[in-house]
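Written out below as structure tokens is the structure these notes cover.
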Amino acid sequence: MKEMWSSDLLNMKPYVPGEQPKDRRYIKLNTNENPYPPSPKAIEAVVAAANADLRLYPDGECGDLVAAISEFTGLPKSRIFAGNGSDEVLALAFRAFFAAGAKARTPDVGYSFYPVYAELFGTSAEYVPVNDDYSVPVEAFIDTPGGVVIANPNAPTAVALPLADIERIVAGNPGRLVLVDEAYVDFGAETAAGLIEKYDNLLVVRTTSKAHSLAGIRAGWAMGCENLIAALNTVKNCVNSYTVDRIAQAGAAAALRDREYFETTRRRVIATRERAAAALRELGFEMTDSKANFIFVRHPDFPAKDLFKALRERGILVRYWDLPRVNDRLRISIGTDADMDALVSEFADITEKGR
Ligand SMILES: *Cc1c(COP(=O)(O)O)cnc(C)c1O
């Protein structure tokens with residue numbers, strides 16, 4: 001039946017999200033979800049939005065959500081674009097700025113959706129090898145032929161570039177877009193949002209899925225100069241003018257306005273990360289310096305694939321990629337303290353028995 005498929009789709013390799021199995025209860029440390037529920041105010045707003053007005057289309061401009069993002073970030077509303085999860089915002093951005101043969105440079109170890117968008121939209125992408133310690137080689141991202149796409153902190157490495165390096169990259173690419181994906185910035189990195197007033201070639205993309213515990217309602221946004229926001233709106237209005245539904249707009253806006261809950265939750269995740277990292281180092285694990293809600297670990301004596309399988313049998317899911325440069329590592333999302341204690345205890349048992 002594939003004769004009906006568009007020819008360019010036949011060889012497309014779509015993104016593969018982390019598994020969400022239903023066969024038993026797992027401790028889920030594989031998709032970087034937040035272990036804590038969203039703000040009670042977000043849940044209230046979602047419930048309140050489930051009313052007779054659902055017969056009406058949502059606000060296509062996401063006015064109140066954009067206002068909440070503006071309060072949260074301190075940027076004017078004219079520099080904000082809201083979308084149906086940041087994956088959608090990223091897709092629209094690839095279509096708006098890097099499509100049809102346009103060049104973009106990105107680290108070879110990075111968010112695995114970028115190569116998918118690059119293929120879908122015909123980006124001529126260049127994958128720059130990260131250093132052996134997984135840090136991003138900043139020089140390679142200055143004076144690029146067409147622009148830059150970078151996650152900061154990077155995924156799945158958890159390594160962050162300091163703001164000064166991001167600014168060097170932005171300043172080093174005048175007239176070419178630098179897209180900084182800050183899905184994990186709230187867990188210890190510095191946002192580049194403050195540079196937007198100064199540079200017209202910077203687009204910063206964020207999400208409520210991670211630090212705001214709202215992966216289930218799909219809301220994300222981009223920040224940049226008016227010209228970049230206009231390009232995103234142009235693409236959006238060529239595909240679907242109502243990308244963010246009423247429920248998601250209400251829930252995301254309420255979550256962003258509950259600053260206190262956000263601060264408490266992200267600090268808890270950071271504290272648990274540091275505690276779990278220390279316990280795993282005791283067991284001989286090595287890891288990058290994480291500024292995200294996950295850690296990227298290896299054990300010098302045990303193949304990552306074996307550890308992945310052993311954990312899965314014991315009811316703990318983490319992420320493993322059988323790909324060059326990362327196949328000796330596991331990416332482990334930060335759960336509750338109890339989740340991480342269970343992980344440490346299973347790892348202690350596995351590594352003890354395996355010797
Ligand atoms: C999780 C993640 C996203 C996607 O977030 P959504 O808003 O849920 O689509 C974007 N970029 C990176 C690097 C991520 O890890």
Side-chain angles (χ1 to χ4, degrees), residues 14-20 28-35 38 42 62 65 69 72-73 80-94 98 104 106-118 120 130 134 136 148-161 166 178-189 191-192 203-223 232 236 240 243-245 247-249 251-253 255-256 262 266 269 273 288 290-296 318-319 321 326 331-334:
Y15 176 74
V16 184
E19 55 184 333
Q20 304 275 8
K28 269 195 91 262
L29 305 176
N30 67 329
T31 48
N32 296 346
E33 287 145 334
N34 200 304
C62 303
L65 174 55
I69 296 166
F72 182 74
T73 60
I80 295 164
F81 172 89
N84 185 33
S86 65
D87 284 338
E88 183 197 70
V89 176
L90 291 167
L92 297 177
F94 266 79
F98 295 123
T106 194
D108 68 338
V109 180
Y111 186 34
S112 42
F113 233 129
Y114 305 151
V116 176
Y117 296 136
L120 181 63
V130 294
Y134 293 105
V136 167
V148 171
V149 177
I150 208 164
N152 194 46
N154 199 8
T157 67
V159 179
L161 281 176
I166 295 286
V178 175
L179 189 164
V180 183
D181 177 353
E182 294 189 340
Y184 301 106
V185 74
D186 300 312
F187 300 106
T191 179
L203 192 74
V204 177
V205 176
R206 309 227 1 204
T207 177
T208 58
S209 294
K210 312 283 163 58
H212 290 90
S213 312
L214 282 178
I217 69 163
R218 319 304 304 130
W221 73 90
M223 300 175 280
L232 291 173
K236 178 183 102 158
N240 174 8
T243 54
V244 193
D245 65 67
I247 305 240
Q249 290 191 33
L256 288 163
F262 160 79
R266 75 183 183 97
V269 172
R273 176 185 75 208
T288 58
S290 172
K291 302 292 184 203
N293 67 340
F294 56 89
I295 48 178
F296 196 49
V318 299
R319 200 88 200 258
W321 289 273
V326 296
R331 189 198 69 186
I332 304 174
S333 310
I334 303 302

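Order of appearance sets the numbers: ligands from 1, and atoms from 1 within every ligand. Quick note: residue numbers are just sequence positions, from 1.
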Self-check item: Member of Ile150, Leu90, Val148, Val204 meeting the side chain to side chain contact (heavy atoms under 4.5 Å, CB included) criterion with Leu179
Solution: Leu90
Self-check item: Partners passing side chain to side chain contact (heavy atoms under 4.5 Å, CB included) against Ser333 (at least two apart in sequence or in another chain)
Solution: Leu29, Asn32
Quiz item: Taking all atoms of both residues into account, what is the closest heavy-atom pair of Gly110 and Asn154, and its distance?
Solution: CA-OD1, 3.5 Å
Quiz item: Charged N to carboxylate O below 4.0 Å: is that the case for Asp245 and Arg218?
Solution: no
Under a 3.5 Å threshold, I'd like every N/O contact between ligand 1 and protein atoms, with atom names and distance.
| residue | atom | partner | partner atom | Å |
| --- | --- | --- | --- | --- |
| ligand 1 | 5 (O) | Ser86 | OG | 3.0 |
| ligand 1 | 7 (O) | Ser86 | N | 2.6 |
| ligand 1 | 7 (O) | Ser86 | OG | 2.9 |
| ligand 1 | 7 (O) | Thr207 | OG1 | 2.5 |
| ligand 1 | 7 (O) | Ser209 | OG | 3.3 |
| ligand 1 | 8 (O) | Ser209 | OG | 2.6 |
| ligand 1 | 8 (O) | Arg218 | NH1 | 2.8 |
| ligand 1 | 8 (O) | Arg218 | NH2 | 3.3 |
| ligand 1 | 9 (O) | Ser86 | N | 3.3 |
| ligand 1 | 9 (O) | Asp87 | N | 2.9 |
| ligand 1 | 9 (O) | Asp87 | OD2 | 3.2 |
| ligand 1 | 9 (O) | Arg218 | NH2 | 2.7 |
| ligand 1 | 11 (N) | Asp181 | OD1 | 3.3 |
| ligand 1 | 11 (N) | Asp181 | OD2 | 2.7 |
| ligand 1 | 15 (O) | Tyr184 | OH | 2.4 |
| ligand 1 | 15 (O) | Lys210 | NZ | 3.1 |

Quiz item: With under 30° as parallel and over 60° as perpendicular, where do the rings of Tyr134 and Phe296 fit, or are they tilted in between?
Solution: perpendicular
Exercise. Answer with yes or no whether the side chains of Asp181 and Tyr114 bring together a donor and an acceptor at under 3.5 Å.
Key: yes
